[in-house]
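The first residue in the sequence is number 1, and the count goes up from there. Reckoned from all heavy atoms, side chains included, excluding hydrogens, waters and symmetry mates.
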Amino acid sequence: LSLVKRLEPEDKISIIGGPINTSNFLIVSVSSDFKLNDTEFYTVESKLLTDSYIIKINNEKYLNDQKALKKWNEKVVNYLASIPSVKRVSTYVKPTIKNNVAAGFTQKNSKNFVQNQQNQITVLERYFNDRQITGKGEIITVIDTLIDIYHSMFRDNNVEVVFNQPMADHRKFVYYGYPGELSDWIANIQADEHGTHVSGTAAGKNDCTAEQDSTNSAELFDGNAPDAKILYAGQLNSVPVQEQLDLMAVLGSKISTNSWGVDGFNDDVNYEYGLLSYVDSSSI
């Protein structure tokens, strides 16, 4: 038996990002053939994927009146949910850079927050980095979504990234696996790549000039091992275990970061990556 229920506008609304009355941003998922444009209710901030938008609610004039703000935000959400091509409307909180405290917390479980005197940014002591343990000489292997080679945490203005070849002189990458040309890479990389995020957290080291970083704050957001290099084996689910092992052996990487998983228990995946961990650890 199949039970079919008409999808009503209220069924499309989610408050996973916080209450509607306190939200300034929404994520809106739409049909692939529909384009979301600015209106009097909201402004399109960015397009995450082909069918996903982040929008800002135009509620500035109601910020000092909580009842009016709640009424206006609900009106905007209901308006969006009533559009047939809109599949989901969710409240949203913009992510913020947290390496300034996350790296310190990772290195020593502390809550001794202090403000950097130059720019008043809150930081935590980097216990290992401050003792010259910075990952120098280490290579961290990453299998994840794409890493942005032009991001300030990874770019090298003097050495170009060459796909699928060892790079001895690049300041961050010893290898970058990608099955295509640079033009393909540019066409496919997204603004919010998970691989960029995890690689920056692990080994990002900013390359901002004084003109680009007038507040002297960029280094506060470097990764845990800022002097380590990165072996990007390739995209998630596209690199066989043996290929990863071979790359790590040839290029001298003994560490890998894998912030991904599968739902439930999978015998094949469990075996493959259990074997990977065993072989890699036994070769140290």
With no hydrogens and no angle check, do the side chains of [X] and [Y] hold a donor and an acceptor under 3.5 Å apart?
X    : Y    : answer
Q66  : N21  : no
E74  : N78  : no
N206 : E219 : no
N58  : T43  : yes

Would F128 and V123 show up in the same hydrophobic cluster when neighbours are defined by side-chain heavy atoms closer than 4.5 Å?
->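 In one cluster with F128: V123, no.
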
Apply side chain to side chain contact (heavy atoms under 4.5 Å, CB included) to F25 and I55, showing your working.
-> CA-CA 6 Å; F25 296 91; I55 69 167; over 6 Å; no

Using a 6.0 Å cut-off, check whether atom [atom1] of [X] has over 12 heavy atoms from anything other than its own residue.
X    : atom1 : value
K87  : NZ    : yes
E8   : CD    : yes
L63  : CG    : yes
D169 : CG    : no
Q115 : CD    : yes

Evaluate the side chain to side chain contact (heavy atoms under 4.5 Å, CB included) criterion for residues Y42 and N59: first the C-alpha distance (whole Å), next the side-chain angles of each, then the deciding distance (0.1 Å), finally the verdict.
-> CA-CA 8 Å; Y42 57 81; N59 57 11; over 6 Å; no

Is R126 salt-bridged to D222, cutoff N-O under 4.0 Å?
->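 No, R126 and D222 are not salt-bridged.
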
Is the closest basic N to carboxylate O distance between K205 and D227 below 4.0 Å?
->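 Salt bridge present between K205 and D227.
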
Pair K5-D11, salt bridge (charged side-chain N to carboxylate O under 4.0 Å, His left out): steps then yes or no = CA-CA 11 Å; K5 176 184 178 297; D11 297 326; 3.0 Å; yes

Plane angle bin for W185 and Y176 - parallel if under 30°, tilted between 30 and 60°, otherwise perpendicular =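 Answer is perpendicular, since the angle exceeds 60°.
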
How long is the gap from CG on L26 to CZ on R88, to the nearest 0.5 Å?
-> 12.0 Å

